[in-house]
Amino acid sequence: MEQKTQLNEVKKDYHSPMHTAEHILNQTMVRMFGCPRSMNAHIERKKSKCDYRLTEMPTEEQMAEVERRVNQVIDQHLPVKIDFLPLEEAAGIVDLNKLPANVSDTLRIVRVGDYDACACIGDHVQNTSEVGHFKLLNYDYQEGRLRLRFKLVE
Ligand SMILES: [Zn+2]
């Protein structure tokens, strides 16, 4: 599943503001619900969707809070930085269990300010000021999977 996310990230219609928003959303979901980062994401220019494994359906208030927090991070105009770290050093920063087994000795770590760090090969904006704003369109929950759809607005 995780490998599929990696493939999505180099797709043709790949959109770096959307993808950067995905990083922020992932970290926000991890912090709020203690869930893993999205195991299945479909990121496109106009509209994106991410799936999360949650043990119960979030409340409307919680989902509004997700949107609020993502925008709060974006509005801090955080720098997005790339580091290349040896695997051992990266282990203290990101969850290596999520990576494919054949990963190289050096990892490309993408940081959104001090808010998020994850291993990623995709393209990102250089500052969250380039993302625009995160708009949660809708979500549904079935059998432990929350699927949410979002777009970026001015
Ligand atoms: Zn990325």
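Residues Arg147 and Asn40 meet the side-chain proximity criterion, which asks for heavy atoms closer than 4.5 Å. Side-chain contact between Met29 and Val66: present, with at least one pair of heavy atoms (C-beta onward) separated by less than 4.5 Å. Between Ile82 and Arg108, some side-chain heavy-atom pair lies under the 4.5 Å cut-off. At least one side-chain heavy atom of Tyr52 sits under 4.5 Å from a side-chain heavy atom of Leu25. With a 4.5 Å cut-off on side-chain heavy atoms, Leu148 and Asn138 do not count as touching. Using a 4.5 Å heavy-atom cutoff, the side chains of His23 and Cys118 are in contact.
For the atom pair CZ of Arg149 and SG of Cys50, the computed distance is 11.0 Å after rounding to the nearest 0.5 Å. To the nearest 0.5 Å, atoms CZ (Arg69) and CD (Gln62) are separated by 9.5 Å. Considering CZ of Arg145 and SG of Cys35, their distance stands at 13.5 Å, rounded to 0.5 Å. Annotation: the span from Gln76 atom CD to Asn71 atom CG amounts to 11.5 Å, rounded to 0.5 Å. Expressed to the nearest 0.5 Å, how far OG1 of Thr128 lies from CG of Asp116 amounts to 12.0 Å. For the atom pair CG of Asn127 and CD1 of Ile74, the computed distance is 11.0 Å after rounding to the nearest 0.5 Å.
Side-chain heavy atoms closer than 4.5 Å link hydrophobic residues (I, L, V, M, F, W, Y) into clusters, and following such links, even through other members, never connects Leu152 to Leu137. In the hydrophobic clustering of this structure, Phe84 groups with Val110; members are Ile, Leu, Val, Met, Phe, Trp, Tyr whose side-chain heavy atoms approach within less than 4.5 Å, directly or through other members. Following chains of ILVMFWY side-chain contacts shorter than 4.5 Å, one can reach Val70 starting from Leu136, so the two form part of one hydrophobic cluster. Hydrophobic cluster membership differs between Val30 and Met32, with clusters built from Ile, Leu, Val, Met, Phe, Trp and Tyr side chains linked at under 4.5 angstrom.
For the pair Thr20 (side chain) and Val125 (backbone), a donor-acceptor distance under 3.5 Å is present.
Under a 4.0 Å N-O distance rule, the pair Arg111/Asp83 qualifies as a salt bridge.
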side-chain contact (heavy atoms from CB on, under 4.5 Å) between Tyr139 and Lys49, worked out: CA-CA 9 Å; Tyr139 61 92; Lys49 68 179 178 191; over 6 Å; no

Apply side-chain contact (heavy atoms from CB on, under 4.5 Å) to Val112 and Lys81, showing your working. CA-CA 7 Å; Val112 180; Lys81 292 193 171 151; over 6 Å; no

Could you go through Asp51 and Arg37, starting from their C-alpha distance and side-chain angles, then the distance that decides it, and tell me whether this counts as salt bridge (Lys or Arg N to Asp or Glu O under 4.0 Å)? CA-CA 9 Å; Asp51 289 355; Arg37 300 176 81 91; over 6 Å; no

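Here the closest non-hydrogen pair linking Ala117 and Ile109 is CB-CG2, 4.2 Å. When all heavy atoms are compared, the tightest approach of Met18 to Lys151 is CE-CA, 3.7 Å. Looking at every heavy atom in both residues, Ser48 comes nearest to Ile43 through OG-CA, 3.3 Å. Taking every heavy atom of both residues into account, Phe134 and Glu67 meet most closely at O-CG, 3.6 Å. Across Leu107 and Val94, no two heavy atoms sit closer than the pair CD1-CG2, 4.5 Å. Scanning all heavy atoms of the two residues, the minimum distance from Pro58 to Tyr141 falls at CD-CD1, 4.3 Å.
When the shell of 6.0 Å around CG of Asp140 is examined, it contains more than 12 heavy atoms from other residues, nucleotides or ligands.
A donor-acceptor contact closer than 3.5 angstrom links the side chains of Asp75 and His133.
Remark: Arg31 is positioned above the aromatic ring of Tyr115, its terminal NZ or CZ atom under 6.0 angstrom from the ring centre and at most 45 degrees off the axis.
By the 30° and 60° cut-offs, the orientation of the rings of His124 relative to His19 is tilted.
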